[in-house]
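To start, the structure under review is shown below, and the notes come after it.
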Amino acid sequence: MGKNIIEKILDTHIVEGTSEKGKEIGIKIDQTLTQDATGTAVYLEFEAIGFNEVKTEAVSFVDHNTIQVGFENADDHKYLQSVAEKYGIIFSRPGNGICHQVHLERFAKPGKTLIGSDSHTPTAGGVGSLAIGVGGLDVSVAMGGGPYYLTYPKVIKIELTGKLQPWVSAKDIILKVLEVLTTKGNVGYAIEYGGAGVKTLTVPERATITNMGAETGVTTSIFPSDEITLAFLKKEGREKDWIPLEADPDAVYERTIEINLSALVPMIACPDSPDNVKKVQDVEGIPVDQVAIGSCTNSSYRDLMIVAHILKGKVAHKNLEFGVAPGSRQVLEMIADSGGLKDLIQSGARVFETACGFCIGNSFSPNSGGVSLRTINRNFKGRSGTADAKVYLVSPETAAASVITGVITDPRKLEDIGIKYEEVELPDRFFIDDSMFIFPKPVEEREKVEIFRGPNIQPIPRNDPLPSDINGVATIKVGDKVTTDHIMPAGQYLKYRSNIPRYAEHVFEPLDPTFAKRALENKEKGIANLVIAGESYGQGSSREHAALCPMFLGVKGIIAKTIERIHLDNLANFGILPLQFVNPSDYDGINQGDEIDIPDILNALEKGEKEINAFNKTKGIEIKLKIMLTDRQRKFVMAGGLLPYTGKTGGKK
Ligand code: MIC
Ligand code: SF4
């Protein structure tokens, strides 16, 4: 039987387990990436485990926390740079660009495995790399040479036919995919693109699609590696990295979804979820307060040049604020060179630094109740930094059209005001300048490197072993689709990522600002905190802080209808029990504040039980729960997490 692309790459990287869908396997990892906001924890953990050098091609990027109000972010940058120099990691200096964009340009390779401590790592799937977003501790282990464990995924094929019409672009394709697959129910799946339509898409366009595949919750998304991939790698001076990669003609898929590109129209994700997708024409006319173009989804040369072309000779509508953040230094240099930057400046764009910036909510927040049109990938409530803002996700074309009119506008209408569609030609060679990377020194020189630890760098706290019985309370009850942005908000608190006790003060703040205090009080009284949740708990970001900080507050278990992949692994890594209702309707029988016991839990884990009974003492009801742990994970959850299991403390001070 033939293989699809994902099976081909997995099967050449398996080091533990067998190629059986739904079963846990361990794979060898070729490349790793980290970014600063998750990276400090990754390297504290790497040090705690006691590794002396990296075994992967590892890159450490600084792109998230570049606002630097106070000393904290700068402390983090210095820590990261010194760790990189010590252990032989490539360091991408702040200003060099967003990790995924830069990795795609300079490092991503077809056929290789990549894991990154950021959920949008699958961006590299645009060149045919098997790229997966994971929690930080999993990256530390892989950097040290350990396998990365995942469930062998079931593969969905998205068959692209036809060709995009003018004013419709890659973002509209992935929004269409999100309309079909939604943001929940896709755990255990991966997406592979195929069909004649693939040949009509350049690598940056493919990368927009694989990037935002993260929002569906699949393990990864990938495109074949073909002559278009080769052409892209040539432009980057990396043709030697190319290998051809395609599915066998008789490859088997779990399900096939067909999208006819010729029939696709501009799409928009409405507040407050990336799957609340509509046609732009159906929401046209809504007044816009802000347009923000950038992020790892849509800030390539092609994306910014189409915006520059649309806005040439125009000024942003007086009722809105307009900002652009180029994805990388390469993109910025190239739009400067080709005149696009001038057109943007003349249109009134506020040109931000090449970083995540507004996408993570640390700057350019919208006004109260404001409508913000963004080319980014997430519009969760409050993520922009303004709790009641209404964020819409759109293509660069729709964003630019709306900059001119001041209202949500279908870009196809631009023709009515005399703006002709012009395809953006990619230059033969991209601007290549690796001078903002610091490459590893020879091993002898690394020994002398002193690691910088400013006051913001605190060790990773250690969890206690799991008690034999859990006597707990439902400290909080939340609904469906609670994201890691709800559990562990980023934005203004990002600077505490390396200081867990301080960051933990804000756990669940967007949903219940009293949670952290209440949880700590319970912990001090020896009462276990339990979180009751609906479907798709922990979707969104890979931040392990959404497990680490609740752990610090004494959270012992999450009882949910379903839990998303990366978050589930993070919970296990830090010794929090991921439990799912056997009967989802039991969710209704629990109220916040109910006392809940899970007797004999340790014993159940030891014996490999798949289910356990919990008792709601307040209501006198028994609740059947599935224990969502593999045999491998059980061992370390019993010990209080992976670090205590391996006898490691939480990092040096
Ligand atoms: C995000 O887009 O939510 C982030 C910020 O890039 C996160 C990582 C983080 O929280 O640091 C992600 O996607 O994993
Ligand atoms: Fe940065 Fe936004 Fe991409 Fe996350 S989604 S890596 S915050 S640009």
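No experiment lies behind these values; they were computed from the predicted model shown. Counting starts at 1 for both ligands and their atoms, in listed order.
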Between [X] and [Y], does the ring centroid distance fall short of 6.0 Å?
{"X": "His486", "Y": "Phe508", "result": "no"}
{"X": "Phe91", "Y": "Phe437", "result": "no"}
{"X": "Phe223", "Y": "Tyr193", "result": "yes"}

>> Can you confirm whether the side chains of Tyr493 and Glu505 place a donor and an acceptor under 3.5 Å from each other?
In response: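 No, no side-chain donor-acceptor pair sits under 3.5 Å.
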> Going by atom types alone, do Asp118 and Gln35 pair a side-chain donor with an acceptor below 3.5 Å?
Replying inline: yes
> Is His100 near ligand 2, meaning one of its heavy atoms is under 4.0 Å from it?
Replying inline: yes
> Strictly under 4.0 Å, does any heavy atom of Asp118 approach an atom of ligand 2?
Replying inline: yes
> Hey, what's the ring geometry for Phe430 with Tyr301, parallel, tilted or perpendicular (30° and 60° as the breaks)?
Replying inline: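 The arrangement is tilted - the two ring planes meet at 30° to 60°.
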>> Check the orientation of Phe46 and Tyr43. Use parallel for under 30°, tilted for 30 to 60°, and perpendicular for over 60°.
In response: perpendicular
Could you list which atoms of ligand 2 come closer than 4.0 Å to a heavy atom of [X]?
{"X": "Ile360", "answer": "7 (S)"}
{"X": "His120", "answer": "5 (S)"}
{"X": "Asn377", "answer": "5 (S)"}

>> Counting neighbours of NZ on Lys112 that are heavy atoms of other residues, nucleotides or ligands and sit closer than 6.0 Å, is the number greater than 12?
In response: no
> For ligand 2, is any non-hydrogen atom under 4.0 Å from Thr297's backbone (N, CA, C, O), its side chain (CB onward), both, or neither?
Replying inline: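 The answer is neither.
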> Does Lys481 pair with Glu535 as a salt bridge, N-O distance under 4.0 Å?
Replying inline: no
> Salt bridge check: are Asp433 and Arg106 linked by an N-O gap of less than 4.0 Å?
Replying inline: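 No salt bridge links Asp433 with Arg106.
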> So, is Cys359 placed with an N/O/S atom under 2.8 Å from atom 2 (Fe) of ligand 2, counting both backbone and side chain?
Replying inline: yes
> Looking only at protein heavy atoms, which one is nearest to atom 4 (Fe) of ligand 2, and how far off is it?
Replying inline: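 It is His64 NE2, 3.8 Å.
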> Considering only the protein, which heavy-atom contact is closest to atom 1 (Fe) of ligand 2, and what is its distance?
Replying inline: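 For atom 1 (Fe) of ligand 2, the nearest protein heavy atom comes out as Cys356 SG, 2.3 Å.
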> Can Lys381 and Asp485 be said to form a salt bridge (Lys or Arg N to Asp or Glu O under 4.0 Å), step by step?
Replying inline: CA-CA 9 Å; Lys381 198 167 166 44; Asp485 276 273; over 6 Å; no
>> Out of Ser542, Ser299, Cys296, who is nearest to atom 8 (S) of ligand 2 when you count heavy atoms only?
In response: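 Heavy atom nearest to atom 8 (S) of ligand 2 belongs to Cys296.
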Find all protein N or O atoms under 3.5 angstrom from an N or O atom of ligand 1 and list the pairs with distances, or write 'none'.
unit_1, atom_1, unit_2, atom_2, d
ligand 1, 2 (O), Arg378, NH1, 3.3
ligand 1, 2 (O), Arg383, NH2, 2.9
ligand 1, 3 (O), Arg378, NH1, 2.9
ligand 1, 3 (O), Arg383, NH1, 2.7
ligand 1, 3 (O), Arg383, NH2, 3.4
ligand 1, 3 (O), Arg543, NH2, 3.2
ligand 1, 6 (O), His64, NE2, 2.8
ligand 1, 6 (O), Asp118, OD2, 2.7
ligand 1, 10 (O), Arg497, NH1, 3.3
ligand 1, 10 (O), Arg497, NH2, 3.0
ligand 1, 10 (O), Ser541, OG, 3.1
ligand 1, 10 (O), Arg543, NE, 2.6
ligand 1, 10 (O), Arg543, NH2, 3.3
ligand 1, 11 (O), Gln35, NE2, 2.9
ligand 1, 11 (O), Arg497, NH1, 2.7
ligand 1, 13 (O), Asp118, OD1, 3.4
ligand 1, 13 (O), Ser119, N, 3.4
ligand 1, 13 (O), Ser119, OG, 2.5
ligand 1, 13 (O), Arg378, NH1, 3.1
ligand 1, 14 (O), Ser119, N, 2.8
ligand 1, 14 (O), Ser119, OG, 3.4
ligand 1, 14 (O), Ser542, N, 2.7
ligand 1, 14 (O), Ser542, OG, 2.9

